[in-house]
Amino acid sequence: MTAVVSVLVPVALGDCYSYVAPRELAPGTIVRVPFGPREVVGAVWDDAPDTGRSPAKLKAISHVFDAPPPGAPLLDADMRRFVEWVARWTLAPRGMVLRMVLRVPEALDPEPTRPGVALAGAPPERMTPARTRVMALLEGGLSWTKAGLAETAGVSPSVIDGLVSAGTLAAVELPPPTAAARPDPDFHHPDLTGDQSAAADQLRAAVARDAASVLLLDGVTGSGKTEVFLEAVAATVAAGKQALIMMPEIALTHSVIARFERRFAARPAEWHSAVPPAQRARVWRGAAAGDVRIVVGARSALFLPFRELGLIVVDEEHDNAYKQDDRVPYNARDMAVVRGHIGRFPVVLASATPSIESRVNADQGRYAHVILSDRVPGASLPDVRAVDLRQSRPEKGRWLAPPLVAAVGEALGRGEQALLFLNRRGYAPLTVCGACGHRFSCPDCSAWLVDHRLRGRLACHHCGHTEPRPEACPACGALDSLVACGPGVERIAEEAQALFPEARSIILSSDIGGGTERIRRELQLVADGAFDLIVGTQLVAKGHTFPRLKLVGVVDADLGLMNGDLRAAERTFQLLAQVTGRAGRMGGGGSGLLQTHAPDHPVIRAIVSGDREAFYRTEIAERMATGLPPFGRLAAIIISGPDRAETEAHARAFARSAPSGEGIDMLGPAEAPLAILRGRHRFRLLIRSPRTVDIQAYLRAWLAAAPPARGGVRVMIDVDPQSFV
DNA sequence: AGCACGCCGACT
DNA sequence: GTCGGCGTGCTC
């Protein structure tokens with residue numbers, strides 16, 4: 001009883017291919033099929049099979065994967081709709097989106113069985129203390145891995161071998177380990193403040209409604225957002241549904257996992273790039289089978305094939321790490337909203353500094369606005385002041401103004417931790433030749449090369465190009481003539497060490513080698529109090545709590561405010577709020593100092609006064625004044641290609657064919673995300689349009705009429721997708 | 001001749 | 001996205 005079915009394959013194709021199946025297969029069934037010279041894993045799809053081809057000419061499906069309930073399709077109708085939706089929204093081929101779902105090849109192989117041992121016969125004639133300990137552990141009739149048993153009993157593996165040959169133990173096959181233990185929603189009910197309880201009630205009510213909704217959980221740093229959304233997770237789990245919590249850069253958020261464990265007596269399943277393949281496979285299968293109830297993951301977790309998803313929490317919803325720029329370009333926060341709509345469940349967006357677009361959505365009533373206005377007891381907001389650099393100037397050749405130096409000295413004197421924050425890696429952002437004025441710039445993208453003294457190299461922060469720091473100027477040949485212009489964290493650390501030689505200091509930035517693991521270790525050392533003075537980039541602004549940190553000094557609060565980027569003010573506000581919020585997080589009494597040339601700038605004023613609303617009001621009004629609605633319906637379409645002139649021509653052609661209001665911004669390398677610069681694409685354009693809904697249709701028509709000659713066009717639509725759902 | 005590289009088209 | 005085919009151009 002063969003049948004012909006449509007299969008979507010995980011390649012850059014939008015169309016399905018027809019295959020002969022051994023029997024009728026429901027859409028969503030995962031299959032392996034021959035495809036050109038190789039085999040790929042795809043999914044039976046809802047498209048009608050190609051009737052124009054005779055079945056005799058079709059290839060046959062080589063394998064049908066059985067899903068956990070035998071015979072049921074693995075990707076349910078909601079999941080398939082989600083794949084379709086993301087493909088349409090991102091203008092990516094459907095196959096590429098499916099690829100994100102099926103990216104775990106190991107998940108479909110049968111789980112390798114693990115050898116273990118279990119009690120099988122009478123106790124051995126000769127008992128020894130080691131054997132007694134082993135036997136005690138086997139009392140309950142449980143099976144163990146050989147290594148696990150030996151380690152727990154505190155004996156060498158040869159003791160186990162001896163018991164096997166004596167016939168007391170026998171080799172058995174162990175069942176595959178589960179990806180995560182069952183969480184208990186009632187394990188530990190936290191004491192919530194009145195504010196928190198009210199917010200938790202709103203979230204629980206949304207879970208109970210069993211309908212699509214979006215809630216913006218908006219609370220200052222230290223207001224206890226995590227405890228609140230954990231209650232929504234508990235309600236979801238209690239209702240028999242699965243919950244997904246997304247976090248940016250999850251590899252660094254150790255402490256949140258620990259909080260889940262305290263709340264639910266079980267570790268949640270983790271999903272991010274650092275999880276080893278075998279464990280990833282278990283989580284994927286567990287999510288599909290319904291064994292895994294809570295997943296904490298990075299943006300890609302959004303594409304796990306959950307069986308009965310009932311809640312998504314997007315923590316730090318404003319964070320840029322939710323954007324994927326290569327392959328299928330999407331914003332996981334927005335796609336989470338879409339998945340919630342399709343699956344008819346609530347999505348919680350949490351942040352102390354919500355993005356402008358989420359605030360606008362909340363203001364306009366499309367998202368429920370859940371506000372936590374107070375810090376939890378014992379964590380008062382830091383007292384932040386501006387240091388006007390026009391009046392308090394640093395000494396010549398220095399970067400720290402006297403009030404900041406004094407504040408750091410006092411904090412160190414009290415045995416407290418102080419942080420000097422500067423969002424610029426390396427020693428100096430620009431190097432010139434003192435003899436001839438030659439500026440060192442990147443041969444590939446013309447950005448200035450950043451001096452990295454600790455590494456002894458000049459590096460381009462846009463494309464990753466590095467070269468050794470030369471002894472002589474390549475332009476005029478002068479020796480030892482290189483002059484560093486401006487500060488980076490390395491230079492600030494040098495200055496701070498000269499001022500406070502007795503302080504134990506550390507530089508925290510992403511270019512300390514050793515990867516995520518080393519960064520995590522060093523953050524932990526800082527939290528444990530192993531350092532007094534920290535000089536850091538935005539790495540220190542995110543996630544981690546430093547209990548002993550009382551003073552945050554921002555070396556250049558204006559950095560980032562001055563460039564022409566659409567989101568410059570918003571991003572600077574978010575960063576400054578996050579980093580000053582680190583001070584006095586535990587026990588209160590924190591303070592912050594912002595070195596600035598523009599103390600009257602709305603962003604600086606909002607941070608100093610603590611009046612977040614003032615910032616949102618002015619920023620939203622300012623975007624209104626540009627003539628473009630503030631992001632609720634603003635589309636940013638980014639077109640990038642390998643060649644600047646050609647890319648520009650394409651963008652202009654697009655703008656001509658679109659009806660009204662589209663403006664084009666040419667963005668240089670500074671704005672282009674690294675992902676594109678590292679590839680072949682060097683230039684990109686941002687087209688802003690107030691006509692979000694129309695954009696896809698125009699873009700589609702335009703791409704069909706004028707396909708780019710080479711290199712392709714990459715399109716990212718960067719907008720609130722709710723109006724499409 | 002042999003090989004590296006880049007471009008193009010097919011993939012049921 | 002990935003592969004094979006095929007052209008170009010270079011080779012101690």
Side-chain angles (χ1 to χ4, degrees), chain A residues 1-65 73 75 80 83-84 86-108 273 277 280 284 299-300 302-303 305 324-330 444 639-643 645-647 650 673 675-676 678-682 703-704 706-716:
Chain A
M1 264 310 279
T2 60
V4 175
V5 295
S6 265
V7 175
L8 188 60
V9 286
V11 296
L13 287 167
D15 291 331
C16 290
Y17 284 66
S18 301
Y19 288 87
V20 175
R23 59 193 148 90
E24 202 56 65
L25 296 174
T29 307
I30 312 276
V31 291
R32 188 165 46 225
V33 291
F35 191 69
R38 67 214 145 108
E39 293 223 315
V40 295
V41 172
V44 176
W45 217 247
D46 305 76
D47 298 23
D50 187 350
T51 48
R53 284 165 185 273
S54 82
K57 291 197 169 174
L58 297 180
K59 292 188 181 177
I61 284 174
S62 40
H63 183 70
V64 178
F65 294 97
L75 307 181
R80 300 197 302 278
V83 168
E84 296 272 348
V86 174
R88 284 181 58 80
W89 177 251
T90 59
L91 296 158
R94 291 185 292 177
M96 287 304 293
V97 182
L98 181 67
R99 184 176 227 268
M100 299 196 290
V101 177
L102 299 175
R103 222 172 15 187
V104 196
E106 304 86 358
L108 297 160
S273 54
R280 280 168 80 89
W284 196 93
R299 61 170 185 247
S300 57
L302 191 57
F303 293 92
Q324 167 151 65
D325 248 322
D326 56 348
R327 296 183 198 94
V328 179
Y330 68 95
D444 295 333
I639 301 180
S640 68
D643 177 90
E646 190 191 332
T647 308
H650 275 293
I676 286 195
R678 289 212 180 97
R680 304 205 314 254
H681 294 169
R682 240 186 241 176
L703 284 172
R710 53 221 299 274
V713 169
R714 205 174 288 277
V715 178
M716 178 159 187

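Numbered from 1 within each chain, the chains take letters A, B, ... in sequence-line order.
In this structure, CZ in R280(A) is found 7.0 Å from CZ in R103(A), a value given to the nearest 0.5 Å. For the atom pair Q324(A) CD and S300(A) OG, the distance stands at 8.5 Å (nearest 0.5 Å).
Judged as a ring-ring contact (aromatic ring centres under 6.0 Å, His included), not a single pair has a partner in residues 40-61 of chain A (not counting sequence neighbours).
Annotation for D46(A): atom CG counts as buried by contact number, over 12 foreign heavy atoms lying within 6.0 Å.
For Y19(A), there are no ring pair (Phe, Tyr, Trp, His ring centres under 6.0 Å) partners two or more places apart in sequence or in a different chain.
In this structure, E39(A) atom CD and dG1(C) atom P are separated by 21 Å, rounded to whole Å. For M100(A) and dG1(C), the CE to C1' distance is 14 Å, given to the nearest whole Å. Remark: P of dT12(B) and CG of D47(A) are 17 Å apart, rounded to the nearest angstrom.
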Distances under 3.5 Å only, N/O to N/O: pair up the protein atoms with those of nucleotides 9-11 of chain B.
from    : atom 1 : to     : atom 2 : distance (Å)
dC11(B) : O3'    : G36(A) : N      : 3.3

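Residues D47(A) and R94(A) are paired through a salt bridge, judged by an N-O separation under 4.0 Å between the basic side chain and the carboxylate.
Between R94(A) and the phosphate of dG1(C), there is no side-chain N or O to OP1/OP2 separation shorter than 4.0 Å.
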